[in-house]
Amino acid sequence: MLSMPTSARAYHHGDLCASVLRAAGRLLEKQGVEGLRVRELARRAKVSHNAPYRHFADRDALLAALAVQGFEELDAWLRQAAGAGGLRAMGEAYVRFALERPQRFRLMFGRRLARAKHARLRAASRELFGRLAGALAARVPGAQDARPASLAAWALAHGLALLLLEDCIAGEAAGAGRAGLVRAVLGSVRFALGAPQDSA
């Protein structure tokens, strides 16, 4: 019985798209966006160097798929956190995701990808904001629009994540550790959930 050539077997092993994305995700975290080369990830996924193009038109399409995957994973983290501990737990999950998936996080929110060219990426990022806005809206009695408070909450978690990623506040995190600092920062901020106060 003749055995199938390795390259032919590669095209048919399991789910090619999932295999390529897994290899690309690992390579992204090790070498960053600039170090992610299609030929190298094909080698790591054990497929021919042309196989990834069966699912992704070009490198940008692959990067967009990785970003979408990241938004979906982050959304799952936020849903789990919302059920376990509410808004602060969601903020902690957001920052933890950034620290555990730094290169994916940078790809998701960076300027490397033009969202106008990737419909699924636009939809995934909007769904994430919808998750945050919905969680906050439930805690704003009588508010007609919780978007400003939702953006403020997002900006806090996102800014804290970036400060930690870039080691801008390494000294602050030295004592309690990163997790302790994140809890302290998010726990120290209270958004106005009632009616606006008259200015003095």
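None of these values were measured; they are calculated from a predicted model.
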Item to check | Gap separating the CZ atom of Phe105 from the CG atom of Leu99, nearest 0.5 angstrom | outcome: 8.5 Å
Checklist outcome for this item: Nearest heavy-atom approach of Ala64 to Leu121 is O-CD1, 4.5 Å
Checklist entry - Sequence neighbours excluded, which residues qualify as side-chain contact (heavy atoms from CB on, under 4.5 Å) partners of Leu163? => result Cys168, Ile169
Item to check | Residue list, side chain to side chain donor-acceptor pair (under 3.5 Å) with Arg112, at least two apart or on another chain | outcome: Asp60
Item to check | All pairs passing ring pair (Phe, Tyr, Trp, His ring centres under 6.0 Å) where residues 24-65 contributes a residue, at least two apart | outcome: none
Next on the checklist: Under the rule for side-chain contact (heavy atoms from CB on, under 4.5 Å), what residues qualify as partners of Glu100, not counting sequence neighbours?
Outcome noted: Trp77, Arg96
Item to check | Interatomic spacing from CZ in Arg115 to CZ in Arg126 - rounded to 0.5 Å | outcome: 10.0 Å
Checklist outcome for this item: Value for CG (Leu28) from CG (Leu63), rounded to nearest 0.5 Å, stands at 7.5 Å
Next on the checklist: Filter on ring pair (Phe, Tyr, Trp, His ring centres under 6.0 Å), then keep only pairs touching residues 110-130, sequence neighbours left out; what's left?
Outcome noted: Phe129-Trp154
Checklist entry - Roughly how far, to the nearest 0.5 Å, is CZ of Arg122 from CG of Leu113? => result 12.5 Å
Next on the checklist: If I compare all heavy atoms of Pro102 with all of Leu165, which pair ends up nearest, and what's the gap?
Outcome noted: CB-CD2, 3.6 Å
Item to check | Of all pairs that satisfy side chain to side chain donor-acceptor pair (under 3.5 Å), the ones with a partner from residues 20-30, not counting sequence neighbours | outcome: Ser19-Arg22
Item to check | Under the ring pair (Phe, Tyr, Trp, His ring centres under 6.0 Å) test, residues paired with Phe71 that sit two or more places apart | outcome: Phe109
Checklist entry - Residues two or more places apart in sequence or in another chain: which of them pass side chain to side chain donor-acceptor pair (under 3.5 Å) with Arg79? => result Asp75
Checklist entry - Yes or no on side chain to side chain contact (heavy atoms under 4.5 Å, CB included) for Phe97 and Leu78, after CA distance, side-chain angles and deciding distance? => result CA-CA 10 Å; Phe97 177 90; Leu78 294 180; over 6 Å; no
Item to check | Stepwise side chain to side chain contact (heavy atoms under 4.5 Å, CB included) check, Val185 with Leu156 | outcome: CA-CA 9 Å; Val185 170; Leu156 170 64; 4.3 Å; yes
Checklist entry - Would you call Glu127 and Arg131 a salt bridge, taking side-chain N to carboxylate O under 4.0 Å as the test? => result no
Next on the checklist: Using 0.5 Å steps for rounding, measure from the CZ atom of Arg39 to the OG atom of Ser48.
Outcome noted: 9.5 Å
Checklist entry - For Gln103, what residues pass the side chain to side chain donor-acceptor pair (under 3.5 Å) criterion, not counting sequence neighbours? => result none
Next on the checklist: Side chains of Leu36 and Leu62, heavy atoms from C-beta outward: is any pair under 4.5 Å?
Outcome noted: yes
Next on the checklist: Quick one, Met108 with Arg101, criterion side chain to side chain contact (heavy atoms under 4.5 Å, CB included). Give me CA distance, side-chain angles, the key distance, then yes/no.
Outcome noted: CA-CA 10 Å; Met108 290 160 59; Arg101 313 271 196 282; over 6 Å; no
Next on the checklist: On a heavy-atom basis, which atom in Gly187 and which in Arg88 lie closest, and how many Å separate them?
Outcome noted: CA-NH1, 3.4 Å
Next on the checklist: Tell me the closest heavy-atom pair linking Glu34 and Arg59, and the distance in Å.
Outcome noted: CA-NH2, 4.0 Å
Checklist entry - With sequence neighbours excluded, what pairs up with Ala89 under the side-chain contact (heavy atoms from CB on, under 4.5 Å) test? => result Ala81
Item to check | Interatomic distance, Arg178 atom CZ to Leu160 atom CG [nearest 0.5 angstrom] | outcome: 10.0 Å
Item to check | Leu41 to Pro52 - nearest heavy-atom pair and separation | outcome: CD1-CG, 4.3 Å
Next on the checklist: If you apply the rule side chain to side chain contact (heavy atoms under 4.5 Å, CB included), what do you find for Val20 with Val38, and how did you get there?
Outcome noted: CA-CA 9 Å; Val20 169; Val38 175; over 6 Å; no
Checklist entry - Which heavy-atom pair separates Ala51 from Leu16 by the least distance, and what is that distance? => result O-CD2, 3.7 Å
Checklist outcome for this item: With sequence neighbours left out, the residues meeting side chain to side chain donor-acceptor pair (under 3.5 Å) with Glu166 are Arg106
Checklist outcome for this item: Residues at least two apart in sequence or cross-chain that pass side-chain contact (heavy atoms from CB on, under 4.5 Å) with Gln69, listed by chain then number, are Leu21, Leu66, Arg104
